[in-house]
Amino acid sequence: MGTGSRRILVVDDHADSALLLARLLKKEGHDVKTAGTVSAAREICELEKFDLLISDLGLPDGSGYELFGFLRDRYGMKGIALSGRGLPEDVAASEEAGFEAHLVKPVILPDVSAAIARLAADDGNS
C-alpha cells in the first residue's frame, strides 16, 4: 500500500455498486473489503482493522448511521456517507452522526478520492 493508502470497508446493499467502488479504490492503492449489510460489516470488523468506512445510509438490516456510530465508537473509524439524497438536511444529518463527508449517489471516483484525501490531511493535522 502506498503512503496515502487506507484500509477501507465499503458497505452497500447494491453489490454491483460496492464492487465497482472497491475496484476503483483498489486501483488507487487502497486495501478494500465490501459488505452488503450492517451485520456483515460488523463481522468483518471483528476480524480485520479498517481506517475508513464508506457506507450507504439505507441498508436492509439497519442504517449506515447506526453502523458508523458502532464502528466509530468501538474501533475509532472515520466515515463517509453515501446517499441518494443530498439536500442540506441530509448532509446535516450525516455530519451530526459524525460522518466526515456526505456523497450523493451515484458517486464519482474523484469525489470519493477528494474526501479520502481530506481525511488524510486531517489525520496529519492532529
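Of all non-hydrogen atoms in L119 and K78, the two that sit nearest each other are CD2-CD, 4.1 Å. Closest heavy-atom contact between V32 and A22: CG1-CB, 3.6 Å. Nearest heavy-atom pair across C45 and M77 is SG-SD, 4.2 Å. Shown here for T37 and V11, the closest heavy-atom pair between the two residues is O-CG1, 4.0 Å. When all heavy atoms are compared, the tightest approach of I44 to A35 is CD1-CB, 3.9 Å.
Residues forming a side chain to side chain donor-acceptor pair (under 3.5 Å) with D13 (at least two apart in sequence, or on another chain): none. Annotation: salt bridge (charged side-chain N to carboxylate O under 4.0 Å, His left out) contacts of D90 (sequence neighbours excluded): R85. With sequence neighbours left out, R23 forms a side chain to side chain donor-acceptor pair (under 3.5 Å) with no residue at all. With sequence neighbours excluded, the residues that form a side chain to side chain donor-acceptor pair (under 3.5 Å) with S17 are H14. Listed by chain and number, the residues in a side chain to side chain donor-acceptor pair (under 3.5 Å) with K26 amount to none (sequence neighbours excluded). Qualifying side-chain contact (heavy atoms from CB on, under 4.5 Å) partners for R72, counting only residues two or more places apart in sequence or in other chains: F68. In this view, S113 and E28, L109 satisfy the side-chain contact (heavy atoms from CB on, under 4.5 Å) rule, not counting sequence neighbours. With sequence neighbours excluded, the residues forming a side-chain contact (heavy atoms from CB on, under 4.5 Å) with F70 are R42, R74, Y75, listed by chain and number.
Sequence neighbours left out, the pairs with a member in residues 58-71 that pass side chain to side chain donor-acceptor pair (under 3.5 Å) are S39-D61. Applying the salt bridge (charged side-chain N to carboxylate O under 4.0 Å, His left out) test to residues at least two apart or on different chains, none of the pairs has a partner in residues 108-121.
Side chain of D12 to main chain of D56: no donor-acceptor pair is present (N/O by atom type, distance under 3.5 Å, no hydrogens or angles). A donor-acceptor pair under 3.5 Å is formed between the side chain of R7 and the backbone N or O of K49.
With contacts defined as side-chain heavy-atom distances shorter than 4.5 Å, the pair I8/D51 does not qualify.
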Donor-acceptor contacts under 3.5 Å from residues 93-101 side chains, at least two apart:
| residue | atom | partner | partner atom | Å |
| --- | --- | --- | --- | --- |
| S94 | OG | H102 | ND1 | 2.6 |
| E100 | OE1 | G79 | N | 2.7 |

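In this structure, L57 is not a member of the same hydrophobic cluster as V107, with clusters built from ILVMFWY side-chain heavy atoms closer than 4.5 Å. Transitive grouping of hydrophobic side chains (ILVMFWY, heavy atoms separated by less than 4.5 Å) keeps F50 and L52 in distinct clusters. Grouping the Ile, Leu, Val, Met, Phe, Trp and Tyr side chains by contacts below 4.5 angstrom, directly or via other members, places L9 apart from V112. Under the 4.5 Å side-chain contact rule for hydrophobic residues, V104 and I80 do not share a cluster. A single hydrophobic cluster is seen to contain both L82 and I116, as judged by linkage of ILVMFWY side chains at heavy-atom distances under 4.5 Å, directly or through other members.
Remark: S55 OG to L67 CG distance equals 5.0 Å, nearest 0.5 Å. Within the model, atoms CG of L25 and OG1 of T34 stand 11.5 Å from one another, a figure rounded to the nearest 0.5 Å.
In this structure, V91 stands alone, with no Ile, Leu, Val, Met, Phe, Trp or Tyr side-chain heavy atom under 4.5 Å from its own, directly or through other members.
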